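Have a look at the structure below before the remarks.
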Amino acid sequence: MTPARPAPDFTALFSARARRMNASAIREILKVTQQPDIISFAGGLPAPELFPLEEVRRAADAALTRYGPAALQYSTTEGHPPLREWIGARAGIPAANVQIMTGSQQALDLLGKILISEGDTVLVEAPTYLGALQSFQPYGPRYVQLPTDDGGIDVDALAELLQTTPAKLLYAVPNFQNPTGRTLDAQRRRRLVELTAQYGVLVIEDDPYGQLRFSGEPAPSLYELGLEYAGDVDANHILYCSSFSKTLVPGLRDAWVQAAAPIVSKLVQAKQGADLHTPTLNQMIVTELLDEVLPRQIETVRRAYGQRAAVMLGHIGEQFPGGVQSTRPEGGMFLWVTLPEGIDSTRMLERALSRNVAYVPGSPFFALGGGENTLRLSYSSATPEQIERGIAALGETIREALD
């Protein structure tokens with residue numbers, strides 16, 4: 001028998017792009033939180049008990065009845081026409097400017113693929129959504145962090161930066177940002193649109209949570225302001241991404257991008273190389289749910305998340321020691337905690353897990369490092385009773401770290 005050869009050095013065979021990929025810190029933590037006794041504030045998971053299970057079952061049956069074998073067949077890359085038409089009508093744009101995606105994460109990956117070349121400057125919030133960093137990183141961007149406060153991106157700092165730093169792209173989550181829960185205020189939105197148009201910077205507006213407002217007043221999207229500024233859908237420099245994952249159900253993986261025709265055309269080509277098209281039946285199911293179920297579901301989720309956020313903030317006020325600060329979101333699924341300087345939330349996580357409570361340390365949300373004394377909490381999938389117990393345990397953990 002011929003002796004077995006040693007295994008190839010697979011690591012050396014990976015492309016330069018693959019070597020820049022990193023595992024998601026959140027996904028690694030979620031592996032631990034699968035234990036039944038862990039109270040998890042880590043994953044940004046929609047509450048499963050709120051899923052419209054029966055309505056989805058009926059919608060699947062209606063789609064199969066309406067379309068027959070076509071519901072199970074290959075379809076067009078651009079997406080199910082009635083779904084694109086509905087999205088376009090709500091945005092006041094042609095359906096041709098809408099591209100259906102298999103989840104927002106695919107939208108970010110393919111936008112990175114078609115827009116980011118090695119060394120391109122990409123502006124991101126500090127902190128920003130970790131999944132966007134993970135999507136963009138393989139394409140070799142040079143990140144520049146934008147400072148943020150309770151009003152979102154500091155647009156004065158952005159104006160100063162753009163005078164000296166040529167940038168191709170700005171990525172932002174203006175509504176109930178992941179990870180902080182902050183919202184970019186209306187005045188800053190308008191100035192951000194004007195500045196980026198003036199300096200020729202494309203903007204990716206990631207808006208999975210915009211419909212989940214439970215307090216405060218809504219503001220126009222960056223896309224709306226960009227359309228108003230440009231006066232033409234195909235001259236708008238804002239690229240808008242959203243999803244049905246947070247409003248209906250995440251498992252169907254239906255999302256979309258609305259953008260100028262040249263962007264959509266290139267996205268079609270990129271998607272053909274990725275998965276050909278988003279699953280046909282899934283798109284048809286979502287379409288069946290749009291007119292009656294979706295509005296009810298949004299109200300259900302808003303109400304539940306507003307109650308859970310209030311419970312979490314109330315217990316934080318009672319249980320966390322002085323010197324700990326937290327944001328007060330007006331919607332979405334997250335809030336952000338800033339601990340006193342010198343406390344490392346990554347090192348503290350092990351102590352929290354020993355008390356059966358989990359969170360996400362803040363440092364992975366910073367493209368260039370930092371934020372060691374911060375952490376993200378999600379209130380969306382925990383019951384009020386779990387929130388009470390989990391925040392009490394986390395308060396004990398923080399006090400122990402301060403000693």
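Since this is a predicted model, take the numbers as computed values, not measurements. Only heavy atoms go into these numbers, but all of them, side chains included; no hydrogens, no water, no symmetry mates.
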Side chains of Asp207 and Asn175 only: does a donor on one sit below 3.5 Å from an acceptor on the other? yes

Original post:
With no hydrogens and no angle check, do the side chains of Gln106 and Lys271 hold a donor and an acceptor under 3.5 Å apart?
Top reply: yes

| query | Is it true that Glu54 and Arg57 have a side-chain N and a carboxylate O under 4.0 angstrom from each other? | reply | yes

Using the rule given for side-chain contact (heavy atoms from CB on, under 4.5 Å), can you reason through Val301 versus Thr247, listing the C-alpha separation, both sets of side-chain angles and the distance that settles it, and then say yes or no? CA-CA 7 Å; Val301 173; Thr247 53; over 6 Å; no

*asked:* Just by distance, no angles: are the side chains of Thr76 and His277 close enough, under 3.5 Å, to form a donor-acceptor pair?
replied: no

Between Phe176 and Pro329, is there a side-chain heavy-atom distance shorter than 4.5 Å?
no

field: Close side-chain approach of Pro141 to Ile116, heavy-atom, < 4.5 Å
entry: yes

ask   = Do Arg188 and Ile153 have side chains that get closer than 4.5 Å, going by heavy atoms?
value = no

After noting the C-alpha distance and the side-chain angles of Glu330 and Arg182, does the key distance pass the salt bridge (charged side-chain N to carboxylate O under 4.0 Å, His left out) rule? CA-CA 8 Å; Glu330 296 181 335; Arg182 293 170 176 151; over 6 Å; no

**Asked** How about Phe136 and Tyr171: are their ring centres within less than 6.0 Å of each other?
**Response** yes

Looking only at side-chain N and O atoms, does Asn97 offer a donor or acceptor that is under 3.5 Å from a partner on Asp234? yes

Would you tell me whether Ser135 and Gln105 have side-chain atoms, one donor and one acceptor, within less than 3.5 Å of each other?
yes

**Request:** Verify whether one side chain among Thr180 and Gln177 offers a donor that lies under 3.5 Å from an acceptor in the other.
**Result:** yes

Do Ser221 and Glu224 pair up side chain to side chain, a donor and an acceptor below 3.5 Å, judged on atom types alone? yes

Can you check whether Tyr67 and His80 have ring centres sitting under 6.0 Å from each other?
yes

**Report entry** Electrostatic pair Glu288:Arg66 at N-O distance under 4.0 angstrom
**Finding:** yes

Can you tell if the side chain of Leu222 reaches within under 4.5 Å of the side chain of Tyr240, non-hydrogen atoms only? no

Subject >> Tyr223 and Val203, any side-chain heavy atoms less than 4.5 Å apart >> reply: no

- How about Asp254 and Thr278: do any of their side-chain heavy atoms sit closer than 4.5 Å? yes

Problem - Tyr359 vs Met348 side-chain heavy atoms within contact, under 4.5 Å - result: yes

| request: Evaluate whether atom CD of Glu385 has more than 12 neighbouring non-hydrogen atoms of other residues, nucleotides or ligands under 6.0 angstrom away. | output: yes

Does the distance from a Lys or Arg side-chain N to an Asp or Glu carboxylate O, for Glu118 and Arg17, drop under 4.0 Å? no

key: Charged N-O contact under 4.0 Å between Asp120 and Arg142   = no

Check: Does the pair Arg308/Glu49 count as a salt bridge with the N-to-O cut at 4.0 Å?
Finding: yes

Polar side chain donor-acceptor pair, Arg389 to Asn356, under 3.5 angstrom:
no

inquiry  = Counting neighbours of CZ on Arg355 that are heavy atoms of other residues, nucleotides or ligands and sit closer than 6.0 Å, is the number greater than 12?
reply    = yes

Under a 4.0 Å threshold between the charged nitrogen and the carboxylate oxygen, would Glu194 count as salt-bridged to Arg191? no

Is any side-chain heavy atom of Val144 closer than 4.5 Å to a side-chain heavy atom of Leu368?
no

